[in-house]
Undergrad: 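For reference, the structure I am asking about is given below.
This structure is a prediction, so every number in the text was calculated from the model and none was measured.
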Amino acid sequence: MLKFADAHCDTVTKLNPQQLAWGCGPERAHLDLPRLREQTQLQFMAFFLRQAPPAEAWDFLRACWRNLQQATALNGGVEILMDLAQAGRPRQAERTQLLLAVEGLDLLAEAGEAGAEELFRLGFRSLGLFWNNDNWLGCGAAAQGPADTGLTAAGQAFVACAEARGFLLDWAHASANSFWQGAALCRKPLFVSHACCAELCPHRRNLTDEQLRALGQSGGWLGLTLAPAFLCQTGQAELADVVRHIRHAVKMAGEAAVGLGSDFDGVDELPAGLAGVQSWPLLAEALAAAGLAEELVERIMGENLLRFLREY
Ligand SMILES: [Zn+2]
């Protein structure tokens, strides 16, 4: 059976432990642990901290972290991935792996490297430097033109340290100049957890063909996201739009460089016909129907991300 791997969702900041562990509650989220276990091998769980002041952001992060620990214990069929080299190889067979990620490092403005060490200790392995706003590390995706001054000196120093510490650095939400400076600085391949192709939909969060090529040449990986506004300019996206973006990303970055970065529970709407994590097989079918080889579909649906993480 086809297994999936997804590099972005915001679910942990939306659900309480019982909802997450059992999938109960009046409002149905895009995913919960029972649905994940059916077909997902690895799911990134991002902690989006809403640009709160650092002290508040840490409190929120710790509260969500405790919720996730509790949900993991209640569910019993998932485990947190601590060693990227073990992606796709859970400690206990059949378990779904969760990879903890922070989206926007504003909370480290005061704590810096010591704060990053605390995140590592808590099990976080992926660091998204930015949400859309600028922060102490540099410019986020909202900065354009002359306002886009790229990474700060502190940001450049932090990137080198975090990479050496073994964090996966996520360039989703970075401004163009931050991305390019990061590309020049990083020794490891470029990783963008959730974005689409600017050539097909000119949105500030999407990657240009030049960025896609650089990502591919670095041995990097992009998670194609399901945010309708990134997929088409009308904002009324369909499955065919996701297929279109995936094919374009593969063409520019290469067959090994593309996978899934849904943004489940981070977007209000999904493309028509998709309801959540249970809908991944529909996308696999649509890719096959569009003429992609079965082996390539499997790689896009999960294998590419697992291999990328193991080799990072
Ligand atoms: Zn995001």
Side-chain angles (χ1 to χ4, degrees), residues 4-8 42 44 84-85 87-88 99 101 125-130 141 150-151 159-160 162-163 167-227 230-231 241-263 283-284 286-288 290-312:
F4 303 91
D6 175 3
H8 195 77
L42 183 144
F44 277 52
L84 298 183
L99 194 152
R125 291 296 177 268
S126 173
L127 299 181
L129 282 79
F130 307 103
L151 298 175
V159 164
E163 198 179 43
F167 282 112
L168 177 62
L169 292 179
D170 183 358
W171 295 95
H173 287 282
S175 71
N177 282 333
S178 292
F179 174 94
W180 287 114
Q181 287 175 11
L185 269 171
C186 285
R187 293 161 169 267
K188 295 195 179 182
L190 291 166
F191 171 73
V192 174
S193 63
H194 59 304
C196 294
C197 306
E199 176 67 21
L200 304 184
C201 179
H203 188 285
R204 67 186 185 186
R205 281 274 291 103
N206 288 346
L207 300 183
T208 62
D209 285 354
E210 206 185 350
Q211 288 176 309
L212 288 168
R213 277 192 290 266
L215 178 136
Q217 278 159 14
S218 78
W221 185 92
L222 162 72
L224 224 294
T225 196
L226 301 178
F230 300 8
L231 287 162
D241 295 303
V242 186
V243 172
R244 214 158 48 87
H245 279 263
I246 287 178
R247 296 185 77 164
H248 186 79
V250 166
K251 193 166 110 196
M252 291 298 144
E255 292 190 349
V258 182
L260 309 174
S262 65
D263 210 358
L283 178 58
L287 288 169
L292 275 73
E294 192 184 329
E295 190 230 13
L296 179 56
V297 174
E298 281 173 19
R299 289 169 70 180
I300 293 167
M301 292 294 118
E303 277 308 312
N304 277 345
L305 176 57
L306 300 178
R307 179 204 45 78
F308 172 80
L309 294 172
R310 286 197 292 264
E311 293 174 2
Y312 187 77

Undergrad: Any non-hydrogen side-chain atom of D263 less than 4.5 Å from a side-chain atom of F230?
TA: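 SC-SC contact between D263 and F230 ruled out.
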Undergrad: Could you give the distance from CG (L84) to CG (L42), rounded to the nearest 0.5 Å?
TA: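 Answer rounded to 0.5 Å: 9.5 Å.
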Undergrad: Is there a salt bridge (Lys or Arg N to Asp or Glu O under 4.0 Å) between E311 and R307 once you walk through the steps?
TA: CA-CA 6 Å; E311 293 174 2; R307 179 204 45 78; 3.2 Å; yes
Undergrad: Relative to each other, are the rings of F191 and W221 parallel, tilted or perpendicular (30° and 60° limits)?
TA: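 F191 and W221: parallel rings.
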Undergrad: Please answer whether the main-chain N or O of G150 pairs with a side-chain N or O of Q181 as donor and acceptor at a distance below 3.5 Å.
TA: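 A pair under 3.5 Å: no.
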Undergrad: Give, for atom CZ of R310 and atom CG of L305, the distance between the pair rounded to the nearest 0.5 Å.
TA: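 Between R310 CZ and L305 CG, I get 9.5 Å after rounding to 0.5 Å.
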Undergrad: Any donor-acceptor pair under 3.5 Å linking the side chain of E255 with the backbone of L296?
TA: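 Not confirmed, E255 side chain does not pair with L296 backbone.
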Undergrad: What's the separation between atom CZ in R204 and atom CG in N206, rounded to the nearest 0.5 Å?
TA: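 So the CZ of R204 and the CG of N206 are separated by 11.0 Å.
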Undergrad: What is the ring orientation for F130 with W171, classed by angle as parallel under 30°, tilted 30 to 60°, or perpendicular over 60°?
TA: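 Ring orientation of F130 relative to W171: tilted.
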Undergrad: So which atom in L99 and which in S126 form the shortest heavy-atom distance, rounded to 0.1 Å?
TA: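 What the structure gives for the nearest pair is CD2-CB, 3.8 Å.
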Undergrad: Taking the side chain as every heavy atom from C-beta outward, state whether L169 and C186 have any pair of such atoms under 4.5 Å apart.
TA: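 Counting from C-beta outward, L169 and C186 do come under 4.5 Å.
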Undergrad: Just by modelled atom types, is the N304 backbone N or O under 3.5 Å from a matching donor or acceptor in the R299 side chain?
TA: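 Checked: no pair found.
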Undergrad: How long is the gap from CD on E303 to CZ on F4, to the nearest 0.5 Å?
TA: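 Separation between the atoms: 12.0 Å.
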Undergrad: Hey, is NZ on K188 packed in by over 12 heavy atoms from elsewhere, all under 6.0 Å?
TA: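 Yes, enclosed.
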Undergrad: Might you point out which heavy atoms bring A249 and L222 nearest each other, and give the distance in Å?
TA: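 In this case the closest contact between A249 and L222 is CB-CD2, 4.1 Å.
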Undergrad: Supply the atom-to-atom distance D6 CG to M301 CE, rounded to the nearest 0.5 angstrom.
TA: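 The CG atom of D6 sits 10.0 Å away from the CE atom of M301.
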Undergrad: With no hydrogens and no angle check, is any side-chain donor or acceptor of S193 less than 3.5 Å from a backbone partner on D170?
TA: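 Answer holds: no.
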Undergrad: Taking atom CH2 of W180 and atom CG of L151, what is their separation to the nearest 0.5 Å?
TA: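 So the gap between those two atoms works out to 13.5 Å.
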Undergrad: Is a side-chain N or O of D241 found less than 3.5 angstrom from the main chain of L231, in a donor-acceptor match?
TA: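 Pair absent, no side-chain N/O of D241 close to backbone of L231.
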Undergrad: Looking only at non-hydrogen atoms, find the nearest pair between L207 and A195 and report the distance.
TA: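 Closest heavy-atom pair between L207 and A195: CG-CB, 4.4 Å.
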Undergrad: Which heavy atom in T225 sits nearest to a heavy atom in C196, and how many Å separate them?
TA: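 For T225 and C196, the tightest heavy-atom pair comes out as O-SG, 3.4 Å.
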Undergrad: Taking the side chain as C-beta and beyond, is there a heavy-atom pair between Y312 and P189 under 4.5 Å?
TA: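 Yes, close enough: below the 4.5 Å cut-off.
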Undergrad: Strictly distance-based, threshold 3.5 Å: is any side-chain N or O of S262 a donor or acceptor partner for the main-chain N or O of H8?
TA: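 Answer holds: yes.
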Undergrad: In a check of side chain to side chain contact (heavy atoms under 4.5 Å, CB included) between C197 and each of M252, R247, Q211, H245, which one passes?
TA: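 So the option named by the test is H245.
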Undergrad: Of all the heavy-atom pairs spanning A286 and V243, show the shortest one and how long it is.
TA: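 Where A286 meets V243 most closely, the heavy atoms are CB-CG2, 3.8 Å.
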Undergrad: Is any side-chain heavy atom of R125 closer than 4.5 Å to a side-chain heavy atom of L168?
TA: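 No; the side chains remain at least 4.5 Å from each other.
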Undergrad: Heavy atoms only: give me the nearest R205-A141 pair and the separation to one decimal.
TA: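 Of all heavy-atom pairs spanning R205 and A141, the closest is CD-CB, 4.0 Å.
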Undergrad: T208 vs F179, test: side chain to side chain contact (heavy atoms under 4.5 Å, CB included). Steps then yes/no.
TA: CA-CA 11 Å; T208 62; F179 174 94; over 6 Å; no
Undergrad: Do you see a donor-acceptor pair shorter than 3.5 Å between the side chains of H248 and D209?
TA: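 Yes, a side-chain donor-acceptor pair sits under 3.5 Å.
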